[in-house]
Amino acid sequence: MDRAFFDHLSAIARAAIASAVHAGVHSENKSNEGAFDPVTNADRAAEQALRKAIGERHPDHGIWGEEFGWSGEGAQVHWSLDPIDGTRAFICGLPSWAVLVGLLDRSEHIAGMIDLPALGETLVTVDDETQRNGLAVRTSGCAALNEARWSTTDPFLFLDSEAERVDRVRRKARLARYGLDAMAYARVATGEIDLVIESGLKAHDYDALVAVVRGAGGHIGDWEGGDDFAPGRIVAAATRSLYDEAVATLSA
C-alpha cells in the first residue's frame, strides 16, 4: 500500500465533509437510550466517499465502516473507517476530530491514517513508518509514568471499577488533558503526549490508531498487557516501559 492512496482518501473525505458543512450540518442521535451519540450528514457523506474510492481501487478488499457496516465481510484484507472520529467535537466547532482509516490483513494492522483536517495534518503509516505531512515522526521516548503527559477523551465514560483504576494512573502522571479523541493518539505519535488510556472503543475507533502509534515507535495494547483490542480497552504509550508501568498501575 502506498502513501499516495492515503493522501487521496484524505482529500476526498475532506471534500465530502466540506460540502456537507457548506450545505449545513445536521445531527441525529444514534442511541435510543443513554448518552448522546451523534451522527451527522458529514459523517455519512465522508464514509460513502471513502467506500467508493476504496472499492474502485481495491474491489477485492472488504470494508468495515462505523455508519454503514460491512461490505465484503470475510475478505483477507479489509479497511476500517471512522469518517469523523470525535463527532461531538465536530458539531461543537472544536478542531480535535479526525478521519480514521485503518488497513488490516486478517487481524494484523498493516497501515493507517489519522487525518486532522481542522489542523491541516495527516499522519499516515505505511511499511512501519509514521509520517506527518510527509515527514517521519517519533514518540517522545518517555519511559516513566511520573514524567508522562496523560490523556483520555472523557473521564466520565469509564465504568465505576474502571474509573478507580484509571484514577491511579492520573494521580501518578505528571499532567492530564481531556477531550482530544483520536488527536491524542496522533500526539503520542508526534511526541507531545506520552500516554492515552480509554475504554469502550469499537474497531473503527482503534484500527487506524494501532499502526500509527507503532509506526512512530510507541506501544499500544490492552489493559492487561496483551493485544486483545476487541474489548475496547486501549493503552497507547510512547514506550514499552511506560506502557508496562501504566498497565501495572491499572492492575494494582
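Start at 1 with the first residue, then count along the sequence. All figures in this text were calculated on a predicted structure; none of them were measured in a lab.
Summarising the geometry, atom CG belonging to Asp160 is positioned 13.5 Å from atom CZ belonging to Arg165; distances are rounded to the nearest 0.5 Å. Note that OH of Tyr206 is 13.5 Å distant from CG of Asp85, once rounded to the nearest 0.5 Å. Note that CE of Met113 and CG of Leu81 are 9.0 Å apart. Values are rounded to the nearest 0.5 Å. Distance CG/Leu123 to CG/Asp115: 9.0 Å, rounded to 0.5 Å. One finds the CD atom of Glu245 at 11.0 Å from the CG atom of Leu250 (value rounded to the nearest 0.5 Å). Between the CG atom in Asp82 and the CG atom in Asp43 there is a gap of 7.5 Å [rounded to 0.5 Å].
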Thr40 and Phe90: side-chain contact (heavy atoms from CB on, under 4.5 Å), yes or no, with the steps?
CA-CA 9 Å; Thr40 71; Phe90 177 72; 4.0 Å; yes

With side-chain contact (heavy atoms from CB on, under 4.5 Å) as the test, would you mind laying out the steps for Trp223 and Val247 before giving the verdict?
CA-CA 6 Å; Trp223 286 28; Val247 167; 5.9 Å; no

Apply the test salt bridge (charged side-chain N to carboxylate O under 4.0 Å, His left out) to residues Lys52 and Glu47: give CA-CA distance (whole Å), side-chain angles for both, the deciding distance (0.1 Å), then the verdict.
CA-CA 9 Å; Lys52 182 175 185 293; Glu47 184 169 325; over 6 Å; no

Are Glu198 and Thr153 close enough, and set up right, to give a side-chain hydrogen bond (donor to acceptor under 3.5 Å, both in side chains), and what steps lead you there?
CA-CA 7 Å; Glu198 294 190 298; Thr153 294; 2.5 Å; yes

Step-by-step side-chain contact (heavy atoms from CB on, under 4.5 Å) determination, Asn146 to Arg174
CA-CA 5 Å; Asn146 65 359; Arg174 174 166 289 181; 6.0 Å; no

Using the rule given for side-chain contact (heavy atoms from CB on, under 4.5 Å), can you reason through Ile220 versus Ile234, listing the C-alpha separation, both sets of side-chain angles and the distance that settles it, and then say yes or no?
CA-CA 7 Å; Ile220 185 166; Ile234 308 297; 3.8 Å; yes

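A donor-acceptor contact shorter than 3.5 Å is absent between the side chain of Glu73 and the backbone of Gly62. Proximity of a side-chain donor or acceptor of Arg149 to a complementary backbone N or O of Glu192 within less than 3.5 Å is detected. Put simply, the side chain of Asn41 gets close to the backbone of Gly24: a donor and an acceptor are under 3.5 Å apart. Remark: side-chain polar atoms of Thr190 are paired, donor with acceptor, to backbone N or O of Ala186 under 3.5 angstrom. One N or O on the side chain of Thr152 and one on the backbone of Ile197 form a donor-acceptor pair closer than 3.5 Å. Listed for the Asp181 side chain is no donor-acceptor partner under 3.5 Å among the backbone atoms of Ala184. The closest donor-acceptor contact from the side chain of Arg240 to the backbone of Gly218 lies at 3.5 Å or more, if one exists at all. In this structure, Thr249 contributes its side chain and Arg168 its backbone to no donor-acceptor pair below 3.5 Å.
Hydrophobic clustering, defined by side-chain heavy atoms of Ile, Leu, Val, Met, Phe, Trp and Tyr closer than 4.5 Å, leaves Val39 isolated from every other such residue.
Arg14 and Thr122 form a side-chain donor-acceptor contact under 3.5 Å, judged by distance and modelled atom types alone. A donor and an acceptor atom, one from each side chain of Ser241 and Asp244, are nowhere located under 3.5 Å apart.
Under the 4.5 Å side-chain contact rule for hydrophobic residues, Leu100 and Ile54 do not share a cluster. Residues Val137 and Val99 fall into different hydrophobic clusters, defined by Ile, Leu, Val, Met, Phe, Trp and Tyr side chains chained together at heavy-atom separations under 4.5 Å. Tracing side-chain contacts under 4.5 Å through hydrophobic residues (I, L, V, M, F, W, Y), one reaches Val196 starting from Leu116; they form part of the same cluster. Cluster membership for Val213 and Val210, using ILVMFWY side-chain heavy atoms within less than 4.5 angstrom, is shared. If you chain together hydrophobic residues whose side chains sit under 4.5 Å apart, Val124 and Ile84 fall into the same group.
Residues Ala46 and Ala13 approach most closely at CB-O, 4.3 Å, considering heavy atoms. Nearest heavy-atom pair across Ala53 and His8 is CB-NE2, 4.1 Å. Nearest heavy atom pair, residue Ala182 against residue Ala98, reads CB-CB, 4.2 Å. Shown here for Ala211 and Ala111, the closest heavy-atom pair between the two residues is CB-C, 3.6 Å. The two atoms that bring Phe68 and Arg51 nearest to each other are C-NH2, 3.4 Å, heavy atoms only. Residues Leu242 and Asp194 share a closest heavy-atom pair of CD2-O, 3.3 Å.
Side-chain contact between Pro38 and Arg88: present, with at least one pair of heavy atoms (C-beta onward) separated by less than 4.5 Å. Between Leu145 and Glu147 the shortest side-chain heavy-atom distance does not fall below 4.5 Å. Using a 4.5 Å heavy-atom threshold, the side chains of Glu66 and Ser80 count as separate. Between Met183 and Leu119 there is a side-chain heavy-atom pair separated by less than 4.5 Å. Between Arg214 and His219 there is no side-chain heavy-atom pair separated by less than 4.5 Å. Side-chain atoms of Val126 and Leu103, non-hydrogen and from C-beta on, never get closer than 4.5 Å to each other. Looking at heavy atoms from C-beta onward, Phe229 lies out of side-chain contact with Leu201 at the 4.5 angstrom threshold. Counting only heavy atoms from C-beta outward, the side chains of Tyr178 and Phe156 never approach each other to under 4.5 Å.
At a threshold of 4.0 Å, the pair Arg138-Glu129 does not count as salt-bridged, since none of the basic side-chain nitrogens sits closer than that to a carboxylate oxygen. Residues Asp167 and Arg170 are paired through a salt bridge, judged by an N-O separation under 4.0 Å between the basic side chain and the carboxylate. Between Glu121 and Arg132, at least one side-chain nitrogen of the basic residue sits less than 4.0 Å from a carboxylate oxygen of the acidic one, meeting the salt-bridge criterion.
Residue-environment remark: CG (Asp2) exceeds the threshold of 12 foreign heavy atoms within 6.0 Å. For Asp127, the CG atom sits in a loose shell: 12 or fewer heavy atoms of surrounding residues, nucleotides or ligands are nearer than 6.0 Å.
Shown here are the salt bridge (Lys or Arg N to Asp or Glu O under 4.0 Å) partners of Arg233, two or more places apart in sequence or in another chain: Glu162, Glu224.
Each of Asp227, Asp207, Thr125 was scored for a side-chain hydrogen bond (donor to acceptor under 3.5 Å, both in side chains) with His109, with one residue passing: Asp207. Each of Trp64, Phe5, Trp70 was scored for a ring pair (Phe, Tyr, Trp, His ring centres under 6.0 Å) with Trp79, with one residue passing: Phe5.
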